[in-house]
Trainee: 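Sending over a structure as structure tokens; questions will come in a sec.
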Amino acid sequence: MIKSFCVYIPRFYLPMRARQFFISTLKEAPADAEVISQKLMLRAGMIRRLAAGIYTWMPMGLRVLAKVEAIVREEMNRAGALELFMPAVQPAELWAESGRWEKYGPELLRFKDRHDRDFVIGPTHEEVITDVVRREIKSYKQLPRHFYQIQTKFRDEIRPRFGVMRGREFLMKDGYSFHATFEDLQREYAVMYETYTRIFTRLGLKFRAVAADNGAIGGTGSHEFHVLADSGEDVIAYCPTSDYAANVELKEVCHAVAGDPSPDGQGTLELCRGIEVGHIFQLRTQYAEALNCNFINEQGQEQPMEMGCYGIGVTRIVGAAIEQGHDERGIIFPSAMAPFDLVIVPMGWNKSEAVRTTAEKLYGELIRAGIDVILDDRDERPGSMLADWELIGIPHRIVIGDRSLKEGRVEYQHRRDSTATPVNLTDITTLVCQRLGG
RNA sequence: CGGAGUGUGGCUCAGCCUGGUAGAGCACUGCGUUCGGGACGCAGGGGUCGUAGGUUCAAAUCCUAUCACUCCGACCA
């Protein structure tokens, strides 16, 4: 039976029984948790802290992460980028070659191996990918090329905080594109702008693309993608009546206040806060030149490649989504990244055979309908089961109890609904499929 | 790195000022009663009070050092 599901259900989406899974919720958040997403992720048992800015992703949290990753992968693949996987540990020589061994500062975690050779734990992978490409690609005929990976990064932040939103170890999607001409780089940059817009839209986030400073990574042409949230660390100046939006780190709006004229002349500026979850850059040739990443052009001459780089903070997205979606009861996940689509909550699992058989039957039906469902077979008291699932933020819930079962009904409730709706047992699967499809 | 704090059972915290038998709630184990919104009773298990020195008859409590963590600032694809 399981075998047939494996054909079309990705491994992270396997349906689950609560006793088989691992649910570890807390009534109170640890005292050092500062922002709401961090408190809720800890309380919901999604993450556990190992050291400052370093977290274990528990099974419940990993499911969320996996769903975010899956969407990022799908859209990157759709855009024609190819996935690879680079080492976290990188030799110092490569960083000396690019000049960043000196330039990067203490945020770069350095260490020596047993032979006393210097290494770093990668905070980013421009050096490594450029090294790969300079060895592999020699001709304009092999360009353009876009490689990406989803990988653990380490940045030794001065002050890690806000849980997974500013961790030291975190998961990032980083893509690097290589081009024969600047025009082709600009084309790919536009493709990535669209791709990022698709990704954040599919994830169900309220976001805005903003013009950005290039920072230490260098180059020209850069946009950040911000999830809009009051707890964000960045301030964005935007014009509600045009497309203009910029990080206030940018010179042209660094002293802007609400009501100032927009630099594009199309209205006045407003200010809001954002969490940076994506960043795209036109690096141009700076790394290619430093690392001699050259190709032979149509005229037979050697020239450095044009480069773009594109990052998404995968772990940060989860925190940002929770900052944007929560209430007094807990997390409200966008359906695309909830650990499960739907939970079946049977009241009196061990007491009522009718409840148990109905729950099992419905569980099977929903699995066959392709729904990512969890069956709460823990036989807990109703209050604690309902509180758990509201804390964890499962979008759809079906409660099965003797009371409504007598009338052939179960109760359906969306996480955002204030009350449950009685639904005939015969209609519930259809209703849920409609809700999930839409 | 500057400034301010906090370290007491898995979690939230009290006790410290004024030194004298280590506590509460949650969680955990057993039994019973419960069971449609985080139940109750009884009985249990679990803590070298961050660590190392010092003062003292006696230190969770006072002193010194050290480590970890948190907050504010500088930093940050």
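Heavy-atom basis, side chains included; hydrogens, waters and symmetry copies ignored.
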Trainee: Could you check A:Gln413 against A:Ala31 and say which one's nearest nucleotide on RNA chain B is further toward the 5' end?
Mentor: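 The residue whose closest nucleotide sits nearer the 5' end is A:Ala31.
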
Trainee: Choose from B:A27, B:C75, B:C11 the nucleotide whose nearest atom is closest to any side-chain atom of A:Pro30.
Mentor: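 Given the options B:A27, B:C75, B:C11, the side chain of A:Pro30 is closest to B:C11.
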
Trainee: Can you tell me, in whole Å, how much space there is between the P of B:C28 and that of B:C71?
Mentor: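 Per the computed distance, 30 Å lies between those P atoms.
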
Trainee: Among B:G36, B:U12, B:U34, find the nucleotide with the atom closest to the side chain of A:Glu28.
Mentor: B:U12

Trainee: Taking B:G23 as the reference, what is the distance to B:A60 when you measure between their C1' atoms (whole Å, please)?
Mentor: 12 Å

Trainee: Can a donor-acceptor pair be found between the side chains of A:Thr195 and A:Glu75 at a distance below 3.5 Å?
Mentor: no

Trainee: Check whether any side-chain nitrogen or oxygen of A:Arg159 sits under 4.0 Å from OP1 or OP2 of B:C71, and answer yes or no.
Mentor: yes

Trainee: Can you figure out which of B:C72, B:A74, B:G36 approaches the side chain of A:Arg161 most closely?
Mentor: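 Of the candidates, B:C72 comes closest.
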
Trainee: Does B:G38 have its OP1 or OP2 closer than 4.0 Å to a side-chain nitrogen or oxygen of A:Arg329?
Mentor: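 A:Arg329 to B:G38 OP1/OP2: no side-chain N or O under 4.0 Å.
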
Trainee: What's A:Gly348 touching, base or sugar-phosphate or nothing? Going by heavy atoms closer than 4.0 Å.
Mentor: nothing

Trainee: Tell me the interatomic distance from A:Arg378, atom CZ, to B:G37, atom C1', rounded to whole angstroms.
Mentor: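 Between C1' of B:G37 and CZ of A:Arg378: 14 Å.
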
Trainee: What's A:Ala51 touching, base or sugar-phosphate or nothing? Going by heavy atoms closer than 4.0 Å.
Mentor: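 The residue A:Ala51 makes no contact with any strand.
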
Trainee: Can you tell me, in whole Å, how much space there is between the C1' of B:U55 and that of B:A65?
Mentor: 15 Å

Trainee: For A:Thr197 and A:Tyr193, work out which heavy atoms get closest and say how close.
Mentor: OG1-O, 2.8 Å

Trainee: Measuring only the P atom in each nucleotide, how far is B:G19 from B:C57? A whole number of Å is fine.
Mentor: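 Here B:G19 and B:C57 have their P atoms 15 Å from each other.
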
Trainee: If you go through the side-chain atoms of A:Arg381, does one of them form a donor-acceptor pair with the base of B:U34 closer than 3.5 Å?
Mentor: yes

Trainee: Just checking, any donor-acceptor pair under 3.5 angstrom between side chains of A:Arg110 and A:Tyr104?
Mentor: no

Trainee: With both distances under 3.5 Å as the test, what is the Watson-Crick or G-U wobble partner of B:G2?
Mentor: B:C72

Trainee: Closest nucleotide of RNA chain B for A:Ser404 versus for A:Glu276: which of these residues is on the 5' side?
Mentor: A:Ser404

Trainee: In this structure, is the centre-to-centre distance between the rings of A:Phe281 and A:His279 below 6.0 Å?
Mentor: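 So the answer is yes for these two rings.
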
Trainee: Could you give the CZ-to-P distance, from A:Phe162 to B:C72, as a whole number of Å?
Mentor: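 A:Phe162 atom CZ is separated from B:C72 atom P by 6 Å.
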
Trainee: Examine A:Arg435 relative to A:Tyr412 and say whether NZ or CZ is less than 6.0 Å from the centre of the six-membered ring and inside a 45° cone about the ring axis.
Mentor: no

Trainee: Please give the nucleotide sitting opposite B:A24 as a Watson-Crick or G-U wobble pair, both distances under 3.5 Å, or none.
Mentor: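 Base partner found: B:U12.
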
Trainee: Begin from the C-alpha positions of A:Ser98 and A:Glu126 and carry the test side-chain contact (heavy atoms from CB on, under 4.5 Å) through to its verdict.
Mentor: CA-CA 9 Å; A:Ser98 71; A:Glu126 281 84 3; over 6 Å; no

Trainee: If B:A39 has a Watson-Crick or G-U wobble mate with both distances under 3.5 Å, name it; if not, just say none.
Mentor: B:U33

Trainee: How far, in whole Å, is B:G30 from B:G45 if one measures between their P atoms?
Mentor: 15 Å

Trainee: For A:Glu249 and B:C75, give me the distance from atom CD to atom C1', rounded to whole Å.
Mentor: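 Checked: the CD to C1' distance equals 11 Å.
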
Trainee: Heavy atoms only, 4.0 Å cut-off, all strands: where does A:Arg43 land among base, sugar-phosphate and nothing?
Mentor: base

Trainee: Tell me which residues in residues 318-327 of chain A lie within less than 4.0 Å of RNA chain B, going by non-hydrogen atoms.
Mentor: none

Trainee: Any strand is fair game: report the nucleotide pairing with B:U55 by Watson-Crick or G-U wobble, both distances under 3.5 Å, or none.
Mentor: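 Matched B:U55 with nothing under the 3.5 Å cut-off.
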
Trainee: What integer distance in Å separates A:Leu109:CG from B:C75:C1'?
Mentor: 17 Å

Trainee: Among side-chain atoms of A:His179 and A:Glu188, is any donor-acceptor pair under 3.5 angstrom?
Mentor: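 Note: A:His179 and A:Glu188 side chains miss the donor-acceptor criterion.
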
Trainee: Check step by step if side-chain contact (heavy atoms from CB on, under 4.5 Å) holds for A:Arg409 and A:Glu411.
Mentor: CA-CA 7 Å; A:Arg409 290 171 163 180; A:Glu411 283 157 37; over 6 Å; no

Trainee: So that I know where these two stand, are A:Tyr196 and A:His223 an aromatic pair - ring centroids less than 6.0 Å apart?
Mentor: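 Between A:Tyr196 and A:His223, the centre distance exceeds or equals 6.0 Å.
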
Trainee: Sort out the partner of B:G47 for me: Watson-Crick or G-U wobble, both distances under 3.5 Å, none otherwise.
Mentor: none

Trainee: Just to be sure I understand the rule, does A:Arg397 reach a base, reach only the sugar-phosphate, or reach nothing, if contact means heavy atoms closer than 4.0 Å?
Mentor: base

Trainee: Would you measure the distance from the P atom in B:U61 across to the matching atom in B:G53 and give it in whole Å?
Mentor: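 These two P atoms come out 14 Å apart once rounded.
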
Trainee: Suppose we call a contact any N or O donor and acceptor under 3.5 Å apart; does that hold for the side chain of A:Glu390 and the base of B:G37?
Mentor: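 Indeed, a donor on one side and an acceptor on the other fall under 3.5 Å apart.
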
Trainee: Specify the separation, in whole Å, of atom CD of A:Glu34 and atom P of B:U6.
Mentor: 16 Å

Trainee: When the C1' atoms of B:G15 and B:C49 are compared, how many Å lie between them, rounded to an integer?
Mentor: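 The answer is 11 Å between these two C1' atoms.
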
Trainee: Send over the distance from A:Leu26 CG to B:G25 P, rounded to a whole Å.
Mentor: 19 Å

Trainee: State which of B:U70, B:G36, B:C35 makes the closest approach to the side chain of A:Ala52.
Mentor: B:U70

Trainee: Atom NZ of A:Lys27 and atom C1' of B:G37: how far apart are they, to the nearest Å?
Mentor: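 From A:Lys27 NZ to B:G37 C1': 12 Å.
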
Trainee: At under 4.0 Å between heavy atoms, what does A:Lys153 touch on the DNA or RNA strands: base, sugar-phosphate, or nothing?
Mentor: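 Counting heavy atoms under 4.0 Å across all strands, the contact made by A:Lys153 includes a base.
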
Trainee: Can you confirm whether or not the ring centre of A:Phe147 sits under 6.0 Å from the ring centre of A:Phe85?
Mentor: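 Between A:Phe85 and A:Phe147, which both carry aromatic rings, the centre distance is not below 6.0 Å.
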
Trainee: For B:G10 versus B:A4, give the span between their P atoms, rounded off to a whole number of Å.
Mentor: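 Looking at atom P only, B:G10 and B:A4 are 32 Å apart.
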
Trainee: May I ask you to say what A:Pro106 touches in the nucleic acid, namely base, sugar-phosphate or nothing, with a heavy-atom cut-off under 4.0 Å?
Mentor: nothing

Trainee: Do A:Asp388 side-chain and B:G38 base share a donor-acceptor contact under 3.5 Å?
Mentor: yes

Trainee: For the pair made of CG in A:Asp376 and P in B:G37, what is the distance, rounded to whole Å?
Mentor: 16 Å

Trainee: Cation-pi check for A:Phe170 against A:Arg316: NZ or CZ below 6.0 Å from the six-membered ring centre and within 45 degrees of the axis, yes or no?
Mentor: no

